[in-house]
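Notes to accompany the following structure.
So that the names make sense, note that chain A is the first sequence line, chain B the second, and so on, each numbered from 1. Both backbone and side-chain heavy atoms feed into the values below; hydrogens, waters and symmetry mates do not.
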There are 2 protein chains.
Amino acid sequence: MSSYVEENYLKAIYKLTERNKDGAYTNDIAYELNVKPGTVTEAIKKLGEKGLINYEKYKAVTLTKAGKMIAVKTIRKHRLWEVFLVEKLGFKWDEIHPMAEELEHINFEELTERLDNFLGHPEFDPHGDPIPNKDGVFSNHKSVKLTSIALNTPVVMTGIENHTTSFLQHLDKLGLKLGVQVAVKEIVDFDKSVLVSVNGKKGFYLSHDIAHNILCK
Amino acid sequence: MSSYVEENYLKAIYKLTERNKDGAYTNDIAYELNVKPGTVTEAIKKLGEKGLINYEKYKAVTLTKAGKMIAVKTIRKHRLWEVFLVEKLGFKWDEIHPMAEELEHINFEELTERLDNFLGHPEFDPHGDPIPNKDGVFSNHKSVKLTSIALNTPVVMTGIENHTTSFLQHLDKLGLKLGVQVAVKEIVDFDKSVLVSVNGKKGFYLSHDIAHNILCK
DNA sequence: TATAATATTTAGGTTTACCTAAATGTATTT
DNA sequence: AAATACATTTAGGTAAACCTAAATATTATA
C-alpha cells in the first residue's frame with residue numbers, strides 16, 4: 001500500500017475516532033475518503049496485518065500506537081504546509097486545503113523539521129487547529145464553542161469546527177477571523193441565533209449553526 | 001497514466017533529447033527511470049496516443065509541443081523548489097534533489113507562481129541550471145566548460161554538468177561553489193589536468209574529468 | 001423473537017504500472 | 001548477403017487500489 005493511500009486511511013480513521021471513541025466504521029471511512037465500502041474492507045485488513053490499526057471483522061477499527069503516530073505526523077505536515085501557504089505565500093485560509101492535502105504526503109523528516117523551524121515553530125495552523133510537535137504531542141487548546149459563551153463576556157476567536165470553503169468565505173465577509181474579540185450580546189429565543197459584537201463594535205446576528213462552528217477562548 | 005508517472009517519462013525524454021537530437025531511445029528511457037524496456041514501450045505508446053510524444057515503432061521518440069510544455073513545467077517546479085530548499089530552509093546543494101523530485105509533481109499553478117514570486121523570480125537553481133519562466137522559456141546561459149577556458153583568464157563559476165552527490169560534495173570540499181572566480185594557471189600535458197586559482201588565491205589541480213563538468217562564464 | 005433495515009464482507013472484475021522472457025525487428029560485421 | 005549482436009516489442013503475469021453486486025452479519029423494530 002503506497003504511503004499516500006496509507007496515510008489517508010490512517011488520517012480518516014484518526015479523525016473519525018476523535019468524534020466516536022469506539023472507533024471508525026467502514027462506511028464512515030468510505031464516505032470520508034470517497035471510496036466504496038468494499039474498498040475500505042480490503043484496505044483496513046491490510047492495515048491490520050501491518051499493525052497500524054486494530055481490525056476485527058464487523059467491528060469499528062482503532063489505531064495502534066504506530067498507526068496513530070503516522071496519522072499525527074501527517075496532520076503535522078499538513079498544518080505546517082498550511083502555515084507556509086498563508087504566512088509565506090499569501091494564500092487565504094479558504095484556498096489552502098487541497099494543496100496541503102498533497103504536500104502532507106512528502107516524507108522527508110529533515111524537510112518537515114526545517115520547515116517547522118523556518119515558520120518559527122507555529123502552534124496553530126491558519127484555521128486555529130493545533131500543530132503536533134515532532135513527537136506527535138498536541139499543545140492544548142481548551143477553547144469552547146461560541147454558543148456556550150455567557151452573555152456580554154468578551155472572548156477571542158481561536159478556531160473553527162467546519163473547514164468548508166463556503167463557511168470560511170462567509171466568515172471572511174463578516175470580518176470574523178482568528179484573533180478578533182467577540183461577545184455575545186443576545187441569544188434569540190426563537191431560533192437560537194446570536195447577536196455578536198466584533199472588536200467592540202456593534203455586530204450582527206449569526207445563526208446558531210454558524211455560532212456553533214466558531215471556537216473561542 | 002498518473003501525472004506523476006507521466007511527468008517523469010516526459011522529463012526523461014526531454015533530458016535524453018537534449019543530449020541526442022534524434023530523440024530518446026526505449027533502452028535509455030528505461031535506464032533513466034529505473035524500469036524495464038518493456039514497461040517503457042507500453043508507456044510511450046500511451047503517451048503517443050495522448051499526443052504528448054511522437055511515437056513510431058522502433059524509432060527514437062521526441063516530444064510534441066504539448067509534451068515539451070509539461071516536461072519544462074516540471075523542470076520549472078523542480079528547480080524552484082530547489083531554490084526554496086536551499087535559500088529558505090538552508091539545505092545544502094547535495095541534499096535537495098530527492099525532495100525536489102517529489103515536490104515537482106505537485107500541480108497547482110497558483111502555488112508555483114506564488115513560490116516563484118516568494119523566491120524573487122530566481123533565474124537559476126542552486127546548481128546553476130536555468131529556471132524556465134511560466135511560459136516555458138529559458139533564459140540563456142552561454143557558459144562554457146572550464147576545460148575550454150584560455151590560460152590565465154579569470155572567469156566565474158556558473159554551473160555544473162554532473163549532479164551526483166559525490167561530485168557536489170567534492171566541490172564543496174574544494175571551496176568550488178557558484179560565483180567563485182576561477183582561472184586556469186596550467187594545463188598538464190600528461191593527463192590534461194588543470195591547475196586552477198580560486199578567488200585569486202593559488203589553488204590546486206583538478207582532473208580533466210572534474211574540470212570538464214564545471215561551467216564558467 | 002422473528003423480521004426488516006442497515007452495515008460489512010466477499011467474490012469477481014478493471015486499470016495502471018510494473019515485471020520476465022520470448023519473439024521480432026534493426027544494425028553491424030565479416 | 002548472411003550471421004551475429006543488439007534494441008524493441010509482444011505476450012502473459014503480478015500487485016495495488018479501485019469498482020459493482022451478491023452474500024452474510026449485526027442491529028433495530030414490530
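Checking dT10(C), dA25(D), dA17(C) against the side-chain heavy atoms of Ser2(B) singles out dA17(C) as nearest. Closest to the Tyr58(B) side chain, of the nucleotides dT9(D), dC19(D), dT8(C), is dT9(D). Considering only the side chain of Thr41(B), dT10(D) comes nearest among dT9(C), dT10(D), dC18(D). Side-chain atoms of Lys46(B) lie closest to dA17(C) of the nucleotides dT9(D), dC18(C), dA17(C). The listed nucleotides are dT26(D), dT9(D), dC18(D); the one nearest the side chain of Thr39(A) is dC18(D).
Here the P atom of nucleotide dA27(C) and the CG atom of Asn27(B) are 14 Å apart, to the nearest Å. Spacing between atom CD1 of Ile29(A) and atom C1' of dC18(D) amounts to 16 Å, rounded to whole angstrom units. The distance from atom CG of Leu47(B) to atom P of dT9(D) is 13 Å, rounded to the nearest whole Å. Residue Lys57(A) contributes atom NZ, which lies 15 Å from atom P of dT27(D) at whole-angstrom precision. For Met1(B) and dA17(D), the CE to P distance is 18 Å, given to the nearest whole Å. In this structure, the OH atom of Tyr55(B) is 7 Å from the C1' atom of dT9(D), given to the nearest Å. Going from atom NZ of Lys59(A) over to atom C1' of dT6(C) covers 19 Å, rounded to whole Å. Between Lys36(B) atom NZ and dA17(C) atom C1' there is a gap of 14 Å when expressed in whole angstrom units.
Counted within 6.0 Å of NZ on Lys88(A), heavy atoms from surrounding residues, nucleotides or ligands total more than 12; the atom is thus considered enclosed.
Using cut-offs of 30° and 60° on the angle between ring planes, the pair His127(B) and His163(B) is perpendicular. Between Phe84(B) and Phe118(A), the angle of the ring planes goes over 60°, which puts this pair in the perpendicular group of the 30/60° scheme.
No side-chain heavy atom of Trp81(A) sits under 4.5 Å from any side-chain heavy atom of Ile96(A).
No option in Arg79(B), Arg76(B), His78(B) other than His78(B) meets the side-chain hydrogen bond (donor to acceptor under 3.5 Å, both in side chains) test with Glu104(B).
Take the nearest nucleotide of DNA chain D for Glu42(A) and for Asp28(B): the residue whose nucleotide is more 5' is Asp28(B).
Using a 4.0 Å heavy-atom distance criterion, Tyr4(A) is classed as making no nucleic acid contact.
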